[in-house]
Amino acid sequence: MHLHFIKFQPICIAVCLLFCVPALASQANQSPLVGKIDRVVVTKSKSVMALYQQGKKVKQYRIALGDRPQGHKRNEGDQRTPQGRYFLDYKKSDSAYYKAIHISYPNEEDRLRAEALGIDPGGQIMIHGQNPKSSLSAEQAQQYNWTDGCIALTNEQMDELWRVVDPGTPIEIWP
């Protein structure tokens with residue numbers, strides 16, 4: 001009996017490494033965040049949002065943006081997501097898109113630019129969940145830019161972000 005165990009021990013170890021280690025790594029990558037985050041960074045060209053705690057990236061999400069994601073938002077209705085430094089300034093639990101966290105666009109620079117051009121800079125830019133009227137699954141919807149300039153997450157991701165973000169958290173939105 002002892003010899004059979006020794007014969008099969010390398011096979012048992014190989015099976016464990018093949019199945020258990022990837023499962024544990026996947027589980028660690030999907031583990032819930034602990035504590036509050038202190039910075040959000042969006043890279044529009046890569047369709048990603050990264051969450052940071054004490055300078056370390058702790059989570060990354062695939063995002064959907066406005067129909068015209070390139071360039072900085074200039075005016076109401078241009079379908080663009082703003083670029084620059086803002087704050088997540090309040091939460092909206094009764095959003096038409098599940099839940100929403102407001103981005104402090106327009107900032108003073110955006111208002112001055114719009115005033116000089118004689119245009120309305122727009123506003124109500126949010127990070128929000130999925131469109132409840134969409135026929136697409138959340139994962140399918142995240143493959144397209146479908147918002148009016150907001151930043152969309154899946155509802156599950158929105159729940160996680162909601163839990164770890166406080167009003168006043170800085171957000172950087174880059175090209």
Inset, instruction - Could you tell me which non-hydrogen atom of Y52 sits nearest to which non-hydrogen atom of K57, and how far apart they are? - result: CD2-N, 3.4 Å

Inset, instruction - Give a yes or no on whether Q140 atom CD has more than 12 heavy-atom contacts from other residues, nucleotides or ligands under 6.0 Å away. - result: yes

Legend entry - Reported CG-to-NZ distance for the pair D94 and K99, which is rounded to 0.5 angstrom: 12.0 Å

Legend entry - Residues that T147 engages under side chain to side chain contact (heavy atoms under 4.5 Å, CB included), provided they are two or more places apart: H128, C150, A152

Inset, instruction - Check whether any side-chain heavy atom of S45 lies under 4.5 Å from a side-chain heavy atom of W174, and answer yes or no. - result: no

Inset, instruction - Consider only side-chain heavy atoms of I, L, V, M, F, W and Y, link residues closer than 4.5 Å, and tell whether I63 and I37 are in one cluster. - result: yes

Legend entry - Straight-line distance of D159 CG to L153 CG, nearest 0.5 Å: 10.5 Å

Legend entry - R111/E115 salt bridge by N-O under 4.0 Å criterion: no

Legend entry - Side chain to side chain, R62 and Q143, heavy atoms closer than 4.5 Å: yes

Legend entry - Closest non-hydrogen atom pair between Y98 and G129, with its separation: CB-CA, 4.1 Å

Legend entry - Same apolar cluster: I127 and V165, side chain cutoff 4.5 Å: yes

Legend entry - Greater than 12 external heavy atoms within 6.0 Å of R74's CZ: no

Legend entry - Value rounded to 0.5 Å, distance of CG in N75 from CG in D110: 11.5 Å

Legend entry - side chain to side chain contact (heavy atoms under 4.5 Å, CB included) partners for Y144, two or more places apart: L136

Legend entry - Side chain to side chain, I101 and M158, heavy atoms closer than 4.5 Å: yes

Legend entry - Given R113, Q83, R80, K44, the one that forms side-chain hydrogen bond (donor to acceptor under 3.5 Å, both in side chains) with H72: R113

Legend entry - Side chain to side chain, Q157 and M49, heavy atoms closer than 4.5 Å: no

Inset, instruction - Give a yes or no on whether Q70 atom CD has more than 12 heavy-atom contacts from other residues, nucleotides or ligands under 6.0 Å away. - result: no

Inset, instruction - Indicate yes or no: at least one non-hydrogen side-chain atom of Q130 is less than 4.5 angstrom from one of W146. - result: yes

Legend entry - Interatomic distance, F87 atom CZ to T169 atom OG1 [nearest 0.5 angstrom]: 9.5 Å

Legend entry - V42 side chain near V48 side chain, heavy-atom distance below 4.5 Å: no

Legend entry - With D120 via salt bridge (Lys or Arg N to Asp or Glu O under 4.0 Å) - residues at least two apart: none

Legend entry - Cluster link M126 to Y86, ILVMFWY, side chain under 4.5 Å: no

